[in-house]
Amino acid sequence: MIKIDSISLLNWGKDRSSDVAVDPELLGDINNPNFDAINYAINAQQQRIERFDLLEDYYQGNQTIVQRQLSNTLGKANQKVLANHAKYITDMNVGFTTGNPLSIAAAEGKNIKPIQESFDEMDVDSHNTELEKDLSVLGSAYELLYIKKTDAENTEMAIQKLDPRRTVLVTDDTVDHNPLFGIYYFPKLDLLGNPNGYLITVYTQKSIIAYRTKIGYGLSDTNIVDGYPQTTPHFFGDVPVVSYQNNEEKQGDFEQAISLIDAYNELQSDRITDKRNFVDAILVLFGFTLDDENSIDKAHSVIQAPPKTGDNAADVEWLTKSFDESQMQTLADSIKNDILQMTYVPNLLDQNFSSNASGVAIKYKLFGLYQLLATKERYLAKGIRRRMQLMQNVLTLKGQQCDANGAIIHINPNIPVDMSSIIGDIKNADGVIPQKVALSWLPGQNDPDEMIKELNQEKQDNIQQQQKALSGDALTEGKTVDDNGNVVDKQQKSDDKS
């Protein structure tokens with residue numbers, strides 16, 4: 001349910017993410033935070049859940065228009081038309097950002113192959129897509145790295161997206177905001193569906209501490225179920241909860257346009273409502289009444305009015321509202337264009353967005369989206385680097401050497417690609433731009449260094465083939481023909497004779 005209006009949302013004066021900064025000296029043991037610190041963090045984060053719920057509602061389609069109520073004086077109909085621009089904006093941004101797998105390459109002279117293999121086992125591409133959806137809708141996202149058993153003797157790393165409404169990352173109050181511990185809490189239910197306390201899991205730099213409350217989420221000595229807390233070590237070397245943000249303000253992609261989305265839905269709803277009211281118009285009787293009630297359609301209301309002046313004193317008319325459909329459409333188009341312009345999302349149904357446009361032309365039309373992508377890439381890469389560092393700590397303990405420092409992380413936009421144009425540009429750049437730079441223009445996860453090696457090898461192979469073809473006897477060099485006409489090594493024939 002929508003609990004706060006869009007104006008309050010846009011003027012939100014508090015931190016929009018689930019990060020909570022505290023003074024480390026108030027925690028006690030940093031690897032076993034006291035109840036006061038945990039309760040403070042959860043209570044602070046609870047104040048932000050209302051905003052998260054509203055944004056999720058807008059994405060799901062539970063928007064202000066569906067709750068609209070009209071007074072009787074405005075007509076019988078109350079049509080509620082929902083054009084879910086919020087979902088369109090998010091789905092476009094998620095597809096554009098993570099529709100193609102992220103490109104992650106090791107820094108020069110370093111190895112991240114064990115991390116990439118773990119990524120494949122985790123199906124990290126699907127995870128990144130889910131993560132980007134939270135970023136687009138809520139403005140922030142969280143993930144948890146953990147170790148799970150594959151059988152009785154073996155384990156593997158796993159990754160899971162956490163709901164920002166149930167997650168708290170506690171940081172210090174310095175400008176660096178270093179993670180101190182993470183909290184994930186959710187309500188438990190009994191078999192009848194009744195509340196049965198909360199499971200609160202605290203992730204410190206060294207261990208995982210699980211608490212089970214009897215009622216609510218407030219921790220105290222008297223509100224913990226027997227057998228808790230339960231503490232288990234982890235080997236990530238730091239808090240295994242990673243925080244991501246969509247931009248500096250931690251806003252969702254459609255958050256700034258919510259008032260416009262409401263206005264568009266209201267306008268379209270009014271248009272349909274007016275048309276319904278036109279059909280259900282009021283019948284006006286001038287200067288007479290009808291004794292037979294059955295002669296009037298019960299679906300219509302009747303008003304008795306004084307007679308008109310002149311010869312036609314008695315008359316019957318329908319009372320309707322007049323509206324200019326062309327002006328309504330102009331206003332609707334204007335609001336829609338404002339929504340798309342503010343959120344940098346292209347209108348793919350625009351007549352100017354032709355299907356046969358060149359790659360360069362499409363990029364110009366997507367210029368705003370590319371600017372948005374540049375911001376997303378910086379913040380997304382920051383979180384992924386921390387993810388890789390945590391994974392490196394575990395892999396190093398397992399004896400797998402890797403170094404994620406300086407890893408290059410790049411988003412490959414999911415747009416139509418004009419390969420012939422790109423290849424032509426690469427050919428034209430030969431001798432003008434370094435080959436490594438030109439080859440990096442190719443879309444997808446391509447390593448220019450590896451491509452250069454393959455190209456050089458192909459050139460050498462072609463030269464050798466040409467030399468053999470020109471020399472004539474190059475193909476049989478070092479070989480001879482035996483008595484049966486078979487081609488054999490000269491040394492082999494000499495040995496046979498001896």
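The figures that follow rest on heavy atoms only: side chains count, while hydrogens, waters and symmetry mates do not. Treat the numbers as computed from the prediction; the structure is a model and nothing was measured.
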Here the pair of heavy atoms bringing Met388 nearest to Ile115 is O-CD1, 3.7 Å
Check this for me, if you would: do Glu255 and Arg16 make a salt bridge, where the nitrogen-to-carboxylate-oxygen distance has to be below 4.0 angstrom? yes
Exactly one of Lys161, His127, Gln160 clears side chain to side chain donor-acceptor pair (under 3.5 Å) with Glu143, and that residue is His127
Which of Asn93, Asn246, Thr97 passes side chain to side chain donor-acceptor pair (under 3.5 Å) with Lys376? Answer is Asn246
Paired with Gln63, the side chain to side chain donor-acceptor pair (under 3.5 Å) test is passed by just one of Asp57, Asp262, Asn265, namely Asn265
### Message
Check for me whether the distance between the ring centres of Phe35 and Tyr211 falls short of 6.0 Å.
### Response
yes
The side-chain contact (heavy atoms from CB on, under 4.5 Å) partner of Leu380 among Leu135, Thr375, Ile409 is Leu135
For a side chain to side chain donor-acceptor pair (under 3.5 Å) check, start with the C-alpha distance between Asp425 and Asn428, then their side-chain angles and the critical distance, and finish with the verdict.
CA-CA 5 Å; Asp425 291 341; Asn428 294 333; 4.7 Å; no
Item to check | Under-4.0 Å salt bridge between Asp226 and Lys214 | outcome: no
From the list Leu369, Val345, Asn414, side-chain contact (heavy atoms from CB on, under 4.5 Å) partner of Phe96 resolves to Leu369
**Study point:** Ring centres under 6.0 angstrom apart (His234, Tyr146)
**Key:** no
Exercise. In terms of ring plane angle, is the pair Tyr185 and Tyr198 parallel, tilted or perpendicular, where the classes change at 30° and 60°?
Worked result: tilted
Value for CE (Met391) from OG (Ser118), rounded to nearest 0.5 Å, stands at 4.5 Å
Exercise. Tell me, with the steps shown, if Tyr88 and Leu340 meet side chain to side chain contact (heavy atoms under 4.5 Å, CB included).
Key: CA-CA 10 Å; Tyr88 174 77; Leu340 300 179; 4.0 Å; yes
When rounded to the nearest 0.5 Å, the distance separating CG of Leu169 from OH of Tyr203 is 12.5 Å
Q | Worked verdict on Ser207 versus Ile209 for side chain to side chain contact (heavy atoms under 4.5 Å, CB included) | A | CA-CA 6 Å; Ser207 58; Ile209 308 171; 4.1 Å; yes
